[in-house]
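Have a look at the structure below, then the notes.
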Amino acid sequence: MTTVAFLGAGIMGAPMARNLLKSGIDVTVWNRTEAKARALESEGAAVASSPEEAVRGADVVITMLSDGDVVREAITAAAPGLRAGQVWAQMSTVGVAAAGRLAALAAEHGLTYVDAPVQGTKQPAEQGTLVILAAGPESARLVLSPVFAALGQRTLWLDDDGASIAGTRLKMATVSYSISLTAVVAEALALAQGLGLDAALVREVVTGGPMDNPYFQLKSKAILEGDYTPSFTVTNAEKDTRLIVEAGESAGVKLDMVAAAGARFRRAQAQGHGDADMSATYHASFEAS
Ligand SMILES: NC(=O)c1ccc[n+]([C@@H]2O[C@H](COP(=O)([O-])OP(=O)(O)OC[C@H]3O[C@@H](n4cnc5c(N)ncnc54)[C@H](OP(=O)(O)O)[C@@H]3O)[C@@H](O)[C@H]2O)c1
């Protein structure tokens, strides 16, 4: 049976670990705030009190933590428990530069590094329908096959080269789409509201027409109902806008939309909405909301 050390039981990590357990995989979870890991105990997870304890003896290490620095700290703390040849699937969104540094860190510890960020938010994580954007050596695919099958509806293997970070590169492009789209939906609703209209009218016009899409429905519903229960927090979305802009700069590609979305997220954070869903970028259109 495959054994997985799962580092990070946040909005995404907890349901992902739960799906591994449901598919019969042996999972040990570590999370900084231990209560979130303990919540998975009744579903069969073992809880580790440190990254080192979690990774000891595991076939696969998965990281689903907030950013590259946090991932590096967790793997560094895990180091005494790591074993050369262990497969490390790095599934957090860390950006191109940090993904390269993490691949080097994996090499230092003799780990088989798989760059495997995901597209899809809290609900696909719960339903096991994420799209996994994976790059890593052929040798890791067999061991990861039941793991990724439990987490996602599809795995796109992008490269055979062990040092590749093609998953993260593709993730930068796809998450730029979802983040910019959210900002644009929020702005359209805010503008209608500001012009003295019922913002729901925007939804009425768009629904069922050529501009409609499930993401528009999801985010406009959140805004119209004022339900900002986080699927993807403003703070993580703001982090991603910086990573995307950096990726664009390194490639000589100008990215105006995502930079503007980043400015909106920073305003929403300053208004106290950092832990809310990124649809709370709606508030950034108004002075004191
Ligand atoms: N939510 C989405 O829709 C989505 C979709 C695709 C990818 N992602 C990416 O997946 C990753 C996780 O996202 P999420 O939505 O699950 O975020 P989240 O709920 O904010 O979880 C963040 C995780 O990182 C941990 N963490 C943060 N700072 C830490 C520190 N200094 N030391 C140790 N642990 C720390 C948190 O521990 P605590 O519980 O102790 O705070 C938690 O386990 C991020 O890279 C995000 O960009 C998110």
Side-chain angles (χ1 to χ4, degrees), residues 5-19 29-40 45 47-52 54 62-78 89-99 102 115-134 151-154 167-168 170-179 181-182 214-215 218-219 222 228-244 246-247 258 261-262 265 269 273-281:
F6 207 106
L7 309 184
I11 291 173
M12 297 295 282
M16 289 166 73
R18 196 169 280 123
N19 282 332
V29 184
W30 169 80
N31 195 65
R32 175 183 61 174
T33 306
E34 198 173 299
K36 293 186 197 172
R38 292 267 166 226
L40 294 161
V47 174
S49 59
S50 67
E52 176 186 344
I62 293 181
T63 43
M64 197 56 181
L65 295 158
S66 47
D67 62 26
D69 285 344
V70 172
V71 173
R72 183 182 40 74
E73 277 168 32
I75 292 298
T76 303
Q90 200 311 101
M91 306 190 81
S92 334
T93 308
V94 299
V96 173
L102 294 175
D115 178 52
V118 300
Q119 194 57 47
T121 186
K122 183 180 172 214
Q123 201 185 36
E126 288 167 351
Q127 295 169 342
T129 56
L130 294 166
V131 178
I132 300 167
L133 315 177
L151 299 177
Q153 59 171 314
R154 201 150 52 105
T168 289
L170 183 56
K171 171 70 187 180
M172 292 295 96
T174 56
V175 75
S176 81
Y177 174 64
S178 63
I179 282 179
L181 193 54
T182 302
Y215 221 78
L218 192 70
K219 296 306 180 189
Y228 299 108
T229 307
S231 256
F232 184 36
T233 63
V234 166
T235 296
N236 275 333
E238 192 279 331
K239 176 253 313 176
D240 282 1
T241 61
R242 283 183 283 114
L243 298 175
I244 296 160
E246 240 175 67
V258 84
F265 290 129
Q269 276 180 312
H273 301 297
D275 292 335
D277 186 69
M278 66 168 164
S279 48
T281 177

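It should be emphasised that the depicted structure is a prediction, and the values quoted were computed from it without experimental measurement. Just so you know, ligand 1 is whichever comes first in the structure, and atom 1 is the first atom listed for that ligand.
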With backbone taken as N, CA, C and O and side chain as the heavy atoms from C-beta onward, which portion of [X] lies under 4.0 Å from ligand 1: side chain, backbone, both, or neither?
X	value
Met278	neither
Lys36	side chain
Ser231	backbone
Ala9	backbone
Asn236	side chain
Gln119	neither
Val70	side chain

Legend entry - Cationic N near anionic O, under 4.0 Å, Lys122 to Asp277: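 A salt bridge is absent here (no side-chain N lies under 4.0 Å from a carboxylate O).
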
Inset, instruction - Give a yes or no on whether a salt bridge exists between Arg242 and Glu238, defined as a side-chain N under 4.0 angstrom from a carboxylate O. - result: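 Glu238 and Arg242: salt-bridged.
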
Legend entry - Pick from Thr63, Thr93, Asn31: the one approaching atom 43 (O) of ligand 1 most closely through a non-hydrogen atom: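 Minimum heavy-atom distance to atom 43 (O) of ligand 1 goes to Asn31.
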
Legend entry - Sidechain-backbone polar pair: Asp115 side chain, Thr168 backbone, donor-acceptor under 3.5 Å: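 Checking the backbone N and O of Thr168 against the side chain of Asp115, a donor-acceptor pair under 3.5 Å is found.
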
Inset, instruction - Could you say whether the N/O atoms of Thr121 and ligand 1 ever approach to under 3.5 Å? - result: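 Yes - when backbone and side-chain N and O of Thr121 are compared with those of ligand 1, one distance drops under 3.5 Å.
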
Inset, instruction - List the closest protein heavy-atom neighbour of atom 5 (C) of ligand 1: residue, atom name, distance to the nearest 0.1 Å. - result: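 Nearest protein contact, heavy atoms only, for atom 5 (C) of ligand 1 is Gly120 O, 3.1 Å.
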
Inset, instruction - Return the residue, atom name and 0.1 Å-rounded distance of the protein heavy atom closest to atom 40 (O) of ligand 1. - result: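 Checking every protein heavy atom, the shortest distance to atom 40 (O) of ligand 1 gives Thr33 OG1, 2.5 Å.
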
